[in-house]
Engineer: 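Shown below is the structure under consideration.
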Amino acid sequence: MSEIEGGCNCGAVRYRLSSDPIAVAVCHCANCRRQSGSAFSVNVIVAGDAMSLSGDLTTYEDHDTESGQPVLRQFCATCGSPIRSLSAASPKVAIVKAGTADDPGRFTPAIHVWTSTALPWVEIPASLPQFPRNPR
Ligand SMILES: [Zn+2]
Ligand SMILES: [Zn+2]
C-alpha cells in the first residue's frame, strides 16, 4: 500500500501514515457514535510511530471506557473533525478515523466491534468477525 495522507475539513490538520494499517475496524460503541455524529466509526489502526501530524489538535480525555484506561479523542481545534484516538490500554497504536483520509475508499473494514450496541438498521456482513464489545 502506498503512503496514506489525510486531514480535517478546514485543512489546519494534516497527517501522513508511513506504514500499512494493522487493522481496519468498524466500532459501534456509543462514544465513537457520539464523536462521529454518525452510526459508527471506521477506525484505521496503525503503529503510533508511523503517524506524523501537523496542526493543532484538541484532546478530549474519555474515561468512559471498558478497560477503565482513558482514550484520548483528538480532533481539529478549528473545525472539529475527529482525527484519531490514542488508547492508554493500547499505547503503541494510533486509531485514525478512516473518513479523514484523502482516499478513504481504500480502507475496507475487516472486523466489527461493539456490535452489542450497533444500531438496528446497520447490516454487518456475515463473513466478517464480530465482537459484542472490545476483542480480547
Ligand atoms: Zn480543521
Ligand atoms: Zn468505539
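The chain is numbered in sequence order, starting from 1. Not measured: the values here are computed from a predicted model. When a ligand or atom number is given, it counts from 1 through the structure's own listing order.
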Engineer: If you define the side chain from C-beta out and look only at heavy atoms, does anything of Glu66 sit under 4.5 Å from Cys29?
Structural biologist: no

Engineer: What closest approach, in Å, do Cys79 and Cys10 show between heavy atoms, and which atom pair accounts for it?
Structural biologist: SG-N, 3.5 Å

Engineer: Give me the protein N, O or S atoms that fall under 2.8 Å of the Zn ion (ligand 2), sorted by chain and residue number.
Structural biologist: Cys27 SG, Cys29 SG, Cys32 SG

Engineer: Check step by step if side-chain hydrogen bond (donor to acceptor under 3.5 Å, both in side chains) holds for Ser36 and Lys97.
Structural biologist: CA-CA 9 Å; Ser36 69; Lys97 301 298 181 180; over 6 Å; no

Engineer: Answer yes or no: is there a side-chain heavy-atom contact under 4.5 Å between Thr65 and Pro70?
Structural biologist: no

Engineer: Under the side-chain contact (heavy atoms from CB on, under 4.5 Å) test against Phe107, which residue among Val96, Val44, Asn43 passes?
Structural biologist: Val44

Engineer: For the Zn ion (ligand 1), which protein N/O/S atoms fall under 2.8 Å? Skip waters.
Structural biologist: Cys8 SG, Cys10 SG, Cys76 SG, Cys79 SG

Engineer: So which heavy atom on Pro129 is nearest to which on Ala110, and how close?
Structural biologist: CD-O, 3.2 Å

Engineer: Using salt bridge (charged side-chain N to carboxylate O under 4.0 Å, His left out) as the criterion, list what pairs up with Asp102, not counting sequence neighbours.
Structural biologist: Arg14

Engineer: Considering only residues two or more places apart or on different chains, which pairs with a residue in residues 8-40 satisfy ring-ring contact (aromatic ring centres under 6.0 Å, His included)?
Structural biologist: His28-Phe40, His28-His112

Engineer: For a side chain to side chain contact (heavy atoms under 4.5 Å, CB included) check, start with the C-alpha distance between Ile95 and Leu86, then their side-chain angles and the critical distance, and finish with the verdict.
Structural biologist: CA-CA 6 Å; Ile95 302 158; Leu86 302 174; over 6 Å; no

